[in-house]
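For reference, the structure discussed in these notes is given below.
From a predicted model like this one, the values you see are computed outputs, not experimental measurements. Counting starts at 1 for both ligands and their atoms, in listed order. Numbering starts at 1 and runs along the sequence shown.
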Amino acid sequence: MKNKKALTLAVDMYGCPNRCLHCWLSHMPNRAMEPNADEWIADLFKPYFDEIEFFSWLREPDFCPDYRGRWERDKMLSANAVPPRFELASFWRIVRDPEYAGFLKEVGVNCVQLTFFGMEATTDRYVGRKGAFSELLKATEILLDHDISPRWQTFINEENKDELPALLQLSKDLELAKRCEAFGGVFRFFVHPGSCDGENRKLYPIRIIKEHIPEELIPYFLNYDELYPEKQWYEMWKDDTSHVVPHNSEGIVLYVTNNYDLFFNFTHMRPEWRIGNLKTDLIDELIRRVVEEDIPALREARSITLGELVRRYADPFSEKAFEEEDLRMYLLNTHLERMEE
Ligand code: SF4
């Protein structure tokens, strides 16, 4: 019998032009997959799921020269579903391909998120490409020309916190809110610290301290009231007997790397979170692991309490700011990493 849950398959067919220092997926090489890998993968899952959304990207959307044909093929490979378009697009392509923003509008994209890490030098360094900041500004203008609202996302830490007010001011100087309103759009600027998975784990030493957040950014801060210092979470959780076990309660989302490794979308794509490999493991067994959520990281997560994770790995004196879920996952991943060592 087919699984009742809908399946989302996101396959890393084309990679990403960036190497962001906060990338929660972790950095991976860009590697071309075999021709027809997409169809082969979709067909593997079709006997097990009635509803499948197929995405040929996992990192940069539309980082494929024939993005039009690709979009049609993603829809064709899906089953009883149309893969949604998100507020995500390739700013790399927006500034290089004069047709692309028009395509986005055509397929119903009315807002595109652009990510900044501060002003020019800092953003270029965090994106991993010289010129990224000026591309983001140029992409903003191109989107506006196509009646698409840019949304400026910023990540804050102790290193870049003093640059972000200037970035907010730049968005005001460019009158982005007014220019979006002119075509019925909405400009948003928001700030957050990001999760602590993948590459962002390495930024733990410079994680923002709540008291250091510049006052003018607070109205733009995502979930500001849910941000607490690590030491406070430590006190709240040190005797907690529950477990940190991520779970797919509704649909199932699976990531496929360009070497056919399979992962849940719970956190970064490190070996302990690997479900298996589509080329070397039997699909029946992979589906069992997916449905039963039976992989090494989740087995370990069920065997250690939150209290124990906190007592072992959290810093009772740390002022670093975390939202609940981000710290829980950070602690679980710390535990998994230490076990590997
Ligand atoms: S965060 Fe997104 S754009 Fe940046 S490296 Fe990761 S996948 Fe690429």
Under-4.0 Å heavy-atom contact with ligand 1, by part of His22 that carries it: side chain
Testing the 3.5 Å rule here: is there a donor-acceptor pair between the side chains of His22 and Glu199? no
Contacts of Tyr67 meeting ring pair (Phe, Tyr, Trp, His ring centres under 6.0 Å) (sequence neighbours excluded), chain-then-number -> Tyr100, Phe103
Can you pull out every ring-ring contact (aromatic ring centres under 6.0 Å, His included) where at least one residue sits in residues 121-141? Sequence neighbours excluded, please. Phe116-Phe133, Phe117-Tyr126
Under-2.8 Å protein N/O/S neighbours of atom 8 (Fe) of ligand 1, ordered by chain then residue number: Cys16 SG
Would Asp50 and Asn80 count as having a side-chain donor-acceptor pair, cut-off 3.5 Å? no
Look at ligand 1 and say whether Glu199 reaches it with a heavy atom at a distance under 4.0 Å. no
Can you sort out the partners of Phe183 under ring pair (Phe, Tyr, Trp, His ring centres under 6.0 Å), two or more places apart, ordered by chain and number? none
Please say whether more than 12 non-hydrogen atoms of neighbouring residues, nucleotides or ligands are located less than 6.0 Å from NZ in Lys46. yes
On the six-membered ring of Phe322, is Arg207 placed so that its NZ or CZ lies under 6.0 angstrom from the centre and within 45° of the ring axis? yes
Is atom 2 (Fe) of ligand 1 less than 4.0 angstrom from at least one protein heavy atom? no
